[in-house]
Protein chains: 6
Amino acid sequence: MATVSPTLLVVSAHAGDFVWRAGGAIASATARGERAVVVCVSYGERGESAKAWREGKGLEEIKAIRRDEAERAAAALGAETRFLDAGDYPLIGTRELLDQLVRVYREVVPTVVLTHTLHDPYNEDHPEAARLALRARVLAQAIGYDAPGEPLGAPPVYLFEPHQPEQCDFKPEVLLDITDAFDAKRRAMEQMGAQQHMWDYYTDLATRRGVQLKRNAGPNLGLPTETKAEAFMRYYPQVTDRLE
Amino acid sequence: MATVSPTLLVVSAHAGDFVWRAGGAIASATARGERAVVVCVSYGERGESAKAWREGKGLEEIKAIRRDEAERAAAALGAETRFLDAGDYPLIGTRELLDQLVRVYREVVPTVVLTHTLHDPYNEDHPEAARLALRARVLAQAIGYDAPGEPLGAPPVYLFEPHQPEQCDFKPEVLLDITDAFDAKRRAMEQMGAQQHMWDYYTDLATRRGVQLKRNAGPNLGLPTETKAEAFMRYYPQVTDRLE
Amino acid sequence: MATVSPTLLVVSAHAGDFVWRAGGAIASATARGERAVVVCVSYGERGESAKAWREGKGLEEIKAIRRDEAERAAAALGAETRFLDAGDYPLIGTRELLDQLVRVYREVVPTVVLTHTLHDPYNEDHPEAARLALRARVLAQAIGYDAPGEPLGAPPVYLFEPHQPEQCDFKPEVLLDITDAFDAKRRAMEQMGAQQHMWDYYTDLATRRGVQLKRNAGPNLGLPTETKAEAFMRYYPQVTDRLE
Amino acid sequence: MATVSPTLLVVSAHAGDFVWRAGGAIASATARGERAVVVCVSYGERGESAKAWREGKGLEEIKAIRRDEAERAAAALGAETRFLDAGDYPLIGTRELLDQLVRVYREVVPTVVLTHTLHDPYNEDHPEAARLALRARVLAQAIGYDAPGEPLGAPPVYLFEPHQPEQCDFKPEVLLDITDAFDAKRRAMEQMGAQQHMWDYYTDLATRRGVQLKRNAGPNLGLPTETKAEAFMRYYPQVTDRLE
Amino acid sequence: MATVSPTLLVVSAHAGDFVWRAGGAIASATARGERAVVVCVSYGERGESAKAWREGKGLEEIKAIRRDEAERAAAALGAETRFLDAGDYPLIGTRELLDQLVRVYREVVPTVVLTHTLHDPYNEDHPEAARLALRARVLAQAIGYDAPGEPLGAPPVYLFEPHQPEQCDFKPEVLLDITDAFDAKRRAMEQMGAQQHMWDYYTDLATRRGVQLKRNAGPNLGLPTETKAEAFMRYYPQVTDRLE
Amino acid sequence: MATVSPTLLVVSAHAGDFVWRAGGAIASATARGERAVVVCVSYGERGESAKAWREGKGLEEIKAIRRDEAERAAAALGAETRFLDAGDYPLIGTRELLDQLVRVYREVVPTVVLTHTLHDPYNEDHPEAARLALRARVLAQAIGYDAPGEPLGAPPVYLFEPHQPEQCDFKPEVLLDITDAFDAKRRAMEQMGAQQHMWDYYTDLATRRGVQLKRNAGPNLGLPTETKAEAFMRYYPQVTDRLE
């Protein structure tokens, strides 16, 4: 059987989500020479583009702006992009959209998957995208599913941190050290021109998660003061050959 | 600061628990040249020695038998032992016992800790030992705690699988591959002469957890059919520098 | 920005639900001069009209009866009504129904929202209506959502008590004193002619919740013996400027 | 009102599920002279027929094979079958499928219902089938629902054990003694020719659940060593006239 | 091995708890000719005797009053009593108290155990008594525990309904029909002279639980309108040889 | 009955906890002219004074330093202090300590209580103090409890935010606006000389909770950009006479 090369697949409900929530994980993977592919299920054109609407821009114009921002942010992280343009607010998980995602899985052959939490009282689009991502992953594993490519393995799935974590039943289960990747994440965030207040918010969050990482790092001495981290949940058990 | 060498500390309520529940993890660590220390808080002389009581043996005799079995099992796993002889059924977590455990932590300087789950409706001794293990670990971290040795780092804690996992709110979060270590675990189990029916029970469990490990192993191709595993929960978030 | 006047929006799966479960909250609001609007997503014509079916009435006739009862009950509570006639048993949350609800939000501009719990093993129509109510509320907040009116603020949401609360994971988080409003609630209940046994059932429940209210009322001395209450859960955190 | 004769209805997402998960319960019921009806919502033609796909068989051929296996397994258990052929991977719970199931309920008049758990991260078809089974059961109770037959009573619902129970939030709440029925279950399993490794897996599981049954059996002395069991959850409270 | 005759053991934190919460279960068992033994761990002399304290009575006098009431209530239910006089408010679970309870188990040889829930934010004495009851039950099973009598079997444990069920994480898992036993329960309640308001409160609760019982009773046709019930949780899985 | 004047009681495991976690709530209450009393169960001399130990100070000296800091911080917040000097690491909840706390309740007559969460895997002293605070509150309500003063009412209890909220099962249920009180909180924090890095950490947290407060504030227009907040959980249901 052919070797599988490390590939990160990020399923993002809107064009900006992957930047704030997984930018460090993405930059960290690509810095190691791994491939990263971001699927933006929608552009977030209705629900996350308030500034553009207030400025009187039209729907197609807004979608173009959001796409452009996402592409520049992905570039800063070293990632490829796929845009499914499924519409947002509401993002509706149709049978066709599910099939599109299965085909992405079969084509990209991810070894790790990142997506949203399954509960978010502030934005139902996020869980809807997550449900699609999870179901498509299982479908892509079946030889009987009618789509090009080989049946997928069973890549682990990580859920990234939502904006109000506790209200989404989010509990940090994995603290990922993104200290070295943080500059790239900051550059990616800075592509999101309309949301400047978010740059500092997510920088502060990375610092706070970094403090927690150090608190849980055991005898990993010598972590720098300015350690930055991102938090994730696991959707499946960890498989390992050593406890450490 | 001095280098910390990998050391596994297992806190076991009774003399046999560590064999069934963590034998693979222990043998796997010692096979890598790591140190492993098992603390038996009690001998399990009252609660887990029914056969000896039925044969009319006395308390001290039973404790000696249990100690001997535990020592032989630990030897088969390559682990050291400590016996606190705190009494069982009930095992009561006194202030003194807590202090004894803090001193073990300070002396052993574990980099990984294993103990029981915090809920077990079939045996309250198990959670009691786990609470002691967890609290002692935190106390050992404080420079102000009056015991010999240096303040401890913050070693990760894994909770091992109880006999009736679902009734103990146990959910496998980490599946540890113990295929190579399984022979040693089997030999250790076979030191527990009075519980022969358990040998096969825990061999079957290792097989079942192995099936689950393979199901969750993603693109880790080439795992052998007879993969064996042990399941654990994490008590603290995982700290890592890569998602995989 | 214009002042927002206090307005209660109640999203009720069937024509009768709002009476039993939120009649006190509604009457209490209107007694203070606030506006209250009840949306009946369906008439409950199939699932909650057994008596009429047994009497051989036809579908349209039953819908008319239910509508009439609901209008009289709402009048007794001082509330306006909206009927979406979406069908029940099953109530299916379509894209169109969702849009209708968004438009109601934009028109009514609620400052408080009441709806069903998200779990009910006895009647899936209830959670379906709640999901619609919650998602429509978020959509109505987005300037990019294409519907008349201004983007909505973020009104707090309360979930009302289902018929078998514990089976629906309902835990009283807010105990609302409805003592003064109870007469109006009783009159509203009495408009539901076919369900006379429910009048006493919900009167008893109001008494029992009243006992609990007094037990939790702290130093609020002087509550009357016959205190009546309704119980609610919060879907979002409470925002306040004092702990009391 | 006419007497209701004991009838077990099993709603199985795919053609094989009922064998592994409820074969003992079915055989045990039919051995007592009760009726048992298995509804296979799909044949599992895409998601659970990997071997046939690898052998190059076509879709209709695979469905026929699966149907044949299921019929032979049901015969071994003494059960009737219904095939809805709704398609799998993904199994989509449409309005029409829901109606088909309501009609089965009205026709079969079950006194006990068995189906899947509501959470399964390895196979979303299972919860989808369970949601259909649960909703159809409630619809069938309503006199106003337009389908032949009498309104259903409220038969208790049991959820059967999934393949990775802990990941599906499955906790054994009922341990059913299937010792006498196990031979029939084994024969039924042996009809599933392509999944020989499962025969032993589910035999071992029955043994393990049997050990737990004995551990929880209280003063039920004299249970045989080789006691076999199946585990279930309850979806509704148990109704009884004695605690025992 | 000797036959075990059906015996109900009720562990009640205070002298009155068993009446309100398990009176129906007790009367129902004794009406079938079974033995029932109530252990009152304390008299509830400090925490549940406000009226007597306000009347200026002394501690010993209050204990005598409470004991007398409990004895009369138990007599009305056909049950024996044991008083451990451990003190209340706070009830402290000492090693000695635990041993006393083990000895009761060994002497009474219960086939069913009833006690409090493990969480009660209104009265920590209740969970403390429950923890004692549960731990003593396990100790009594061990042949190695030094107390007179034979090792106990593993009697099922039911937790009874607390005063504010939802705040105690109480979910009715078993609805027990106490219609025939209700007269005896009412008589027992009427022995508690100082708490007349509770008589009606618990009569209403029995009615409400009766309504739920009928709603969940499946095809058990012909249950009377005035069905009365008590609700319980199970602490261990149910063991059975048929699903019904 | 005499009028009860608003009084906040804060039960803090160590001398510093109340500053970081409830400083805003305290300053906000005292600014309204209410009384606030802080009980420091221990000085945090062993577990939260690492700097002093590293500087070679002795136990009594460290306790004096901590007491002094706490007194100055409390003064900055306008609160009184009580020091129980119960010892920390481990803080052990004895019968005597419980009684001391009951006496504080009877003396202070709080109308609102603040304390720690009931779960904290990083510091068991916190839950231990919380359990004491909760149990003492209930004991103080009983006329039969032998301590000076009148029986307490049932003041609501709020649990404050721990350092790693998600690991402590902390979910913000109440977001308290502390914008006006924040200067006082900052001054109080600055009394804690040895923990300068915490000043900014908790300032950032107040900003983040402020962002969430605004997100949940509904139509409360005109909240300032720099809104600051503290988060709390409720231990008992809220009692109110209006939903808003």
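Since the structure is predicted, the reported quantities are computational estimates derived from the model, not experimental observations. Computed from heavy atoms alone, side chains included, the values below leave out hydrogens, waters and symmetry copies. Reminder, nothing fancy here: chain letters follow the sequence lines and each chain counts from 1.
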Original post:
How far does CG of Leu8(A) sit from CD of Glu244(B), to the nearest 0.5 angstrom?
Top reply: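 Interatomic distance, Leu8(A) CG to Glu244(B) CD, rounded to 0.5 Å: 12.0 Å.
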
Original post:
What distance separates Leu175(A) CG from Asp241(B) CG, expressed to the nearest 0.5 Å?
Top reply: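 Going from CG on Leu175(A) over to CG on Asp241(B), the span is 12.5 Å.
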
**OP:** Please indicate whether Glu80(B) has more than 12 foreign heavy atoms, meaning atoms of other residues, nucleotides or ligands, lying under 6.0 Å from its CD.
**Re:** yes

Subject >> Crowding at CD, Glu190(A) (>12 non-hydrogen neighbours, <6.0 Å) >> reply: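 More than 12 heavy atoms, drawn from other residues, nucleotides or ligands, come within 6.0 Å of this atom.
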
Original post:
Side chain, backbone, both or neither: which part of Val174(B) has a heavy atom under 4.5 Å from chain A?
Top reply: both

Original post:
Is chain A contacted by the side chain of Leu114(B), its backbone, both, or neither, given a heavy-atom distance below 4.5 Å?
Top reply: side chain

Original post:
Hey, which of Arg32(A), Lys171(A), Gln141(A) has the most heavy atom pairs under 4.5 Å with chain B?
Top reply: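 Most heavy-atom pairs within the cutoff with chain B belong to Arg32(A).
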
**OP:** Please determine, among Pro237(A), Ala25(A), Pro6(A), Ala181(A), the option with the most heavy-atom pairs under 4.5 Å with chain B.
**Re:** Pro237(A)

**OP:** Give a yes or no on whether the backbone of Ala217(B) and the side-chain of Tyr236(A) come within a donor-acceptor separation of less than 3.5 Å.
**Re:**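 Looks like no, no N/O pair under 3.5 Å.
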
Any non-hydrogen side-chain atom of [X] less than 4.5 Å from a side-chain atom of [Y]?
| X | Y | value |
| --- | --- | --- |
| Asp177(A) | Val239(B) | no |
| Gln238(B) | Gln238(A) | yes |
| Glu34(B) | Arg242(A) | yes |

Original post:
Non-hydrogen atoms of chain B under 4.5 Å away: do they reach the side chain of Arg215(A), the backbone, both or neither?
Top reply: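 When you check distances to chain B, only backbone atoms of Arg215(A) fall under 4.5 Å.
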
**OP:** Please state whether the side chain, the backbone, both or neither of Thr240(A) comes within less than 4.5 Å of a heavy atom of chain B.
**Re:**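 Answer is both: backbone and side chain atoms of Thr240(A) are under 4.5 Å from chain B.
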
